[in-house]
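Order of listing sets the numbers, starting from 1, for every ligand and every atom in it.
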Amino acid sequence: MTEIREGQSVELLKELHILTQDGKMNQDSRRKLKQVYHLYNFIEPLLKELSENSPTLNLVDHGAGKSYLGFIIYDLFFKNLHNAHVYGIETRNELIEKSQVLQKKLGFKNMSFINSTVKESQSLGELPQTVEMVTALHACDTATDDAISFALQKKAKHIVLIPCCQAEVASYLRQNKKFSLANPMVELYRHGIHTREFGSHLTNILRCLQLESFGYDVTVTELVGFEHSMKNELIIATQKNKHSKNAKERISALLSEFKIQELQNRFYSS
Ligand SMILES: C[S@@+](CC[C@H](N)C(=O)[O-])C[C@H]1O[C@@H](n2cnc3c(N)ncnc32)[C@H](O)[C@@H]1O
């Protein structure tokens, strides 16, 4: 059964419609809370390690939406810490404004919500020079790739991604299929639906190699309980400075095998 955890703000859970106004568990939201807790179980040990070893703890959540994840993480972990801050980056200003209202109401002072694209947030002065953790939960399409670039630029120690479907790689596969007809590998994505799914799959493989090429240890697992089967892949990358010597070569080989070398810059650089 989904529990309300010790010290958790009942007011926050009501505002997020997880609890009804009379304090009962809202059955429709129980599933959502269970999913966020499940994700939090992966994130909590990483946060503990950072809070013990790092003088600052800045977490940036990209494609924050209603900042459900950011609020729960803040409430469970950040609210009693010093030198710790949660930032939510989101393009929809109405969601930013709502989050700011809720943040003030709850007195969660070390939170900021910024109306920006992930890409543009890389050059925003209001974000710190280094960030210890980057999360992106179902950030649409290439926003996850921009979150990776952001994390590399900010030298994030941990990167936690649950990618959404990415359309860019599939569009290049589709466009360049004609050059691969003699290659039996084209069977993997000959049909339209396979192009889309294989494109998303290949994207995540390239993302993992990119992270490895920048010294990260990468684990990929399934976040059971998420409703969309294509969107439940959890990628956790931890900086270990063990630069994989041939990760770049493996990226190149894959791009060349599938005749999509135009995407070199997307997966090769930070
Ligand atoms: C599927 S929602 C996920 C929201 C939230 N992370 C969650 O899991 O509940 C994706 C969010 O990313 C935002 N978004 C899409 N592209 C973006 C971009 N390039 N930069 C920042 N936000 C973006 C959308 O407006 C939307 O709120």
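In the hydrophobic cluster analysis, where Ile, Leu, Val, Met, Phe, Trp and Tyr join through side-chain heavy atoms closer than 4.5 angstrom, L95 is grouped apart from L59.
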Test I236 against I43 for side chain to side chain contact (heavy atoms under 4.5 Å, CB included), laying out the working first. CA-CA 9 Å; I236 300 182; I43 294 177; over 6 Å; no
Side chain to side chain contact (heavy atoms under 4.5 Å, CB included), that's the test. Do L39 and Q35 meet it? Break it down for me. CA-CA 6 Å; L39 179 58; Q35 291 167 348; over 6 Å; no
Under the criterion side chain to side chain donor-acceptor pair (under 3.5 Å), I'd like the reasoning laid out for K177 against T195: C-alpha separation, chi angles, the key distance, then a yes or no. CA-CA 10 Å; K177 221 181 264 186; T195 313; 3.2 Å; yes
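Ion pairing of K14 with E11 is absent here, as no side-chain N (NZ or NE/NH1/NH2) approaches a carboxylate O to less than 4.0 Å. Between E94 and R92, at least one side-chain N (NZ, or NE/NH1/NH2) sits under 4.0 Å from a carboxylate O, which counts as a salt bridge.
The single protein non-hydrogen atom nearest to atom 15 (C) of ligand 1 is C140 SG, 3.6 Å, given as residue, atom name and distance. Protein heavy atom nearest atom 9 (O) of ligand 1, with residue, atom name and distance: K32 NZ, 3.6 Å. The shortest contact between atom 4 (C) of ligand 1 and any protein heavy atom is with G63 O, 3.4 Å. The closest protein non-hydrogen atom to atom 26 (C) of ligand 1 is E90 OE1, 3.5 Å. With hydrogens left out, the protein atom closest to atom 19 (N) of ligand 1 is A143 CB, 3.8 Å, a heavy atom. For atom 20 (N) of ligand 1, the nearest non-hydrogen atom of the protein is V118 N, 3.0 Å.
A side-chain N or O of E257 and one of N183 form a donor-acceptor pair less than 3.5 Å apart. Donor-acceptor pairing under 3.5 Å is recorded for the side chains of T135 and D61.
Annotation: cation-pi geometry not satisfied between R5 and Y40 (NZ/CZ under 6.0 angstrom from ring centroid, within 45° of ring axis).
The closest approach between any non-hydrogen atom of S67 and ligand 1 is not below 4.0 Å.
Listed by number with element, the atoms of ligand 1 under 4.0 Å from a non-hydrogen atom of G65 are 4 (C), 27 (O). Under a 4.0 Å criterion applied to the non-hydrogen atoms of R92, ligand 1 contributes the atoms 25 (O). Against a heavy-atom cut-off of under 4.0 Å, L137 is close to the following atoms of ligand 1: 3 (C), 5 (C), 6 (N), 8 (O). Listed by number with element, the atoms of ligand 1 under 4.0 Å from a non-hydrogen atom of T117 are 20 (N), 21 (C). Taking a cut-off of under 4.0 Å to the non-hydrogen atoms of H138, the atoms of ligand 1 that pass are 1 (C), 2 (S), 3 (C), 10 (C). Shown in contact with T91 at under 4.0 Å from a heavy atom are these atoms of ligand 1, numbered in order with element: 14 (N), 18 (C), 20 (N), 21 (C), 22 (N), 23 (C), 25 (O).
Scanning A64, A147, S116 for the heavy atom closest to atom 5 (C) of ligand 1 points to A64.
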